[in-house]
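Worksheet for the structure shown next.
All chains are named by letter (A, B, ...) in the order of the sequence lines, taking the proteins before the strands, and each is independently numbered beginning at 1.
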Amino acid sequence: MTGENEDYIKERYQEVKEKVTYKDFLKDLEDIKIENVDAPFLTQQQLIDMVIEKYAEHENIQQTHTNQIQPISSLIEGNGNISIQGRLISISNIKTFTTKKGREGKVANLTVEDNSGKIRVVMWTDNMKYMNRIEEGNIIKVNNLEVRKGYTGDLEVQMKNNSSIQVLPEEVDPSLPKYEEKITNLSDITEDGEYNIIVRIKKISTLREIIKGEKTLQIITLEIMDKTGTLEFTLWNKDTKLVDTLELKEHDTIKIIKARAQQRYDQITLSNSWNGRIIKNEYDVPDFEEEILKIGYAEEKEDVTIIGTITKIYDTITFTKTDGNEGHVRSIEVTDETGSIRVTLWNKETEIEMRKGDIIKIEGGSIEFDDYAGDGYRLNTGWNASITINPELDTKLREKLELVDTIGIVKIENVLDLNEDEGREVDVVGRIITTNDTREFERGDGSKGQIKSIELADETGIVRTSLWDEKVDITEKLGDAIKIENARTRIGQGQMELSVGKSSRITTPTDEEIVNLPSYENIEQDRYNDRTISQLEENETNTKLRVRILNINEINTFTRTDGRDGRVRSIYVADETGEIQVSLWDDDTEIKFTKGSAIIIENPNITRQNTKLRLSIGNGSTIRAARQEEAEKMLSLTEIENKLYVEKYIEDIEEDDQHIKIKGTISEINSEKIIYTMCPNCNIGITQDENGYICNECGEKIEKPNYLMIISTTLQDETGTVQATFFRKDAEELISTTTEKVVAIYEQTGDESAMSSKLEDMIGHEVTIIANANFNEYDEDIRLNVRQLVIVV
DNA sequence: CCCCCCCC
């Protein structure tokens, strides 16, 4: 050891003197020298660096010798700001990924070799600018690196934002190992290993997904060929994106550096290696001619290619695979100038965007005989079939396929044509103009089914359409335009209807497809005749009323003849010409309207009960809140009431007067019996005897009757007196209590006159009422039935 | 910050 050397060692020792004695430091240096006896190129300085590194804290990265070139084998985890120089022996493709924060990132790997060893260099998003300056075989210097332990435990160097790559001339270091890019013929690949190959792409499979435990693996297989043979080359997971980023197409020629060969199932398969690269370029590889099977000549055969026009698309069906995972299958029909064939698509393939009329190319399918397929044959896409929508075609073939008749959208008047056979499969575009509730039913085999009926309209007509099972869950609402493919026609109620089941497909029509579709408002206007309440006639159909709600009764439940429970609710609506009772049934009883709400009623059933018309909201009727612009054109509730309710003096009341307004003072009140008991089944008055309540109508013994409050009064104004009877709610309002409370008082006291004094207190109060007049035959006078108590003073 | 293994 020279004095100069010793001074240098002592000087460097100062950096770690807190952590180790000088004696131990020298011993470490000797050990390092022995360990590196087969690396004579290491300088004294580098050896001392390695000793110091041993004592440096991991966080306290050694940066005293910034960007000095380090021999690869001397790199130590934690070294920062170092450079390496060597032969670039591999460049990977750029992979894209998404960081946990959702940002797009890029990563690529280089392998650099110097005389001491080789190492992986990791390039990140910001370093990609150096990519197009480098090539395998270059001598490069990479600056500002950090040494880290990689995923597999080996050391690697990572580039940072300020890292750089310089390409250096060969003279810099002629001693470096040479780079040799040996190209192997496919037929010579018989053993596991890494090979450089130049090939032509014959087929690119559709992306497949395989669920393996927690992970979903993605796979695309390329069928590749050279003049000596054909092999499969697999892209895994993120590598599958290379098909798009490198714009790989069938017939392209590519060079693959470091394709990884593996024996599997007695076959060699190639896959993309993490440090290999696919380079798309014009290479001299023989081309292949594709044999395209004419669909009319289909027979049982594997690995066939067809090109045709999509003439039918059925809906995707989801099923459970034997491994418990979900599977998807979809049928389409493909037609060329010689015939049509049913094609079955599986899983990921069912998600490929396609429309009727698109041209589809399917390679690697197999044709099987199938009893269920119309023409007896079915093309099943195997596990590595390739599907291309609207592929590049030569003009001649394109012209032929464009002649294929794709049955387009059928107008609804054509669907309705009874001269056509039922059971036709048609495509329609229409607007939903009525929707009914979903109904559940049970099939013969005991399974549950669902059905919902809607009406679809276009500019030519309206067709009733039944949606079955999962199709009831359409998200489109009243007024929306929808397209239904493969709906089946069938005769129901003497008319042609449409049935939308499993294989029918509901989609959103294109703008072009709805150019002629009238708006919901226009369809509605054409369909329904505007009426006021006074214009309505018995049994008239397709009427439309714009009314406001006057009154909402409670829901009554009843039992249908078939034993099912039913619900009914009456509401009273009015316009400026009159008022009318409307019956709502079952789910329709759950209304969100309130008194005064503006509502639209379309196509109600109009029936006559005694002298009055009544409306009922049945199947095919709609009741809905008026839209704001509709409501704005209607009179307010007060305006309607003022027009409707004519105020009269008592002496002017006539026997047919309906909803007249009377203002009078209570001069007499019946303070005796005001509670009546009713049969809950028949709503007929019943009386109690020693056996309890028995209904004369139904003969049932009644446990708990319904109670009805009726209060008779005599009203007086300056012109005369009239008897006015308050029922139910109006009676409750009159004496400011509830029927329930009155019943409770009677039950407690057992005294039918317990309410007398409270009732008599009403004498002298002035009331304003809306009432109907009727002639009492017995007393030969006119009486009033109170419809509404407006005010009590 | 990527993840080299992995499927019929």
Which whole-number value in Å describes the distance from [X] [atom1] to [N] [atom2]?
| X | N | atom1 | atom2 | result |
| --- | --- | --- | --- | --- |
| A/Asn237 | B/dC6 | CG | P | 11 Å |
| A/Asp303 | B/dC8 | CG | C1' | 15 Å |
| A/Trp346 | B/dC8 | CH2 | C1' | 15 Å |
| A/Glu146 | B/dC1 | CD | P | 11 Å |
| A/Lys241 | B/dC3 | NZ | P | 9 Å |
| A/Arg264 | B/dC8 | CZ | P | 8 Å |
| A/Met131 | B/dC2 | CE | P | 17 Å |
| A/Tyr151 | B/dC3 | OH | P | 9 Å |

Determine the contact category for [X]: base if any of its heavy atoms lies under 4.0 Å from a base atom, sugar-phosphate if only primed atoms, P, OP1 or OP2 are that close, otherwise nothing.
| X | answer |
| --- | --- |
| A/Asn272 | nothing |
| A/Gln158 | base |
| A/Gln262 | sugar-phosphate |

With a cut-off of less than 4.0 Å, is there a side-chain N or O of [X] near OP1 or OP2 of [N]?
| X | N | value |
| --- | --- | --- |
| A/Lys212 | B/dC7 | yes |
| A/Lys238 | B/dC2 | no |
| A/Arg208 | B/dC7 | no |

- [ ] Look at the side chain of A/Arg120 against the base of B/dC2 and say whether a donor-acceptor pair falls under 3.5 Å; ignore hydrogens and angles.
- [x] yes
- [ ] Could you tell me how the ring of A/Phe97 sits relative to the ring of A/Trp124: parallel (under 30°), tilted (30 to 60°) or perpendicular (over 60°)?
- [x] perpendicular
Open item on the list: Using modelled atom types and a 3.5 Å cut-off, is there a donor and acceptor pairing between side-chain atoms of A/Lys241 and backbone atoms of A/Thr96?
Closed with: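 Pair found, side chain donor or acceptor close to backbone of A/Thr96.
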Task: Note: A/Arg260-A/Glu194 ion pair, threshold 4.0 Å (strictly below) - done: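 Not counted as a salt bridge, because no side-chain N and carboxylate O are separated by less than 4.0 Å.
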Open item on the list: Salt bridge check, A/Arg120 against A/Asp154: does any charged N sit closer than 4.0 Å to a carboxylate O?
Closed with: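 No, A/Asp154 and A/Arg120 are not salt-bridged.
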Task: side chain to side chain contact (heavy atoms under 4.5 Å, CB included) assessment of A/Met123 paired with A/Ile165 - done: CA-CA 10 Å; A/Met123 298 173 76; A/Ile165 300 178; 4.0 Å; yes
Task: Ring-base stacking, A/Trp124 with B/dC2 (5.5 Å, 30° cut-offs) - done: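 Not stacked by the 5.5 Å and 30° rule.
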Task: Centroid under 5.5 Å and tilt under 30°, A/Trp236 to B/dC6 - done: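 Check passed, A/Trp236 stacks on base of B/dC6.
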Task: Proximal nucleotide (of B/dC5, B/dC3, B/dC2) relative to the A/Asn109 side chain - done: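 So the nucleotide nearest the side chain must be B/dC2.
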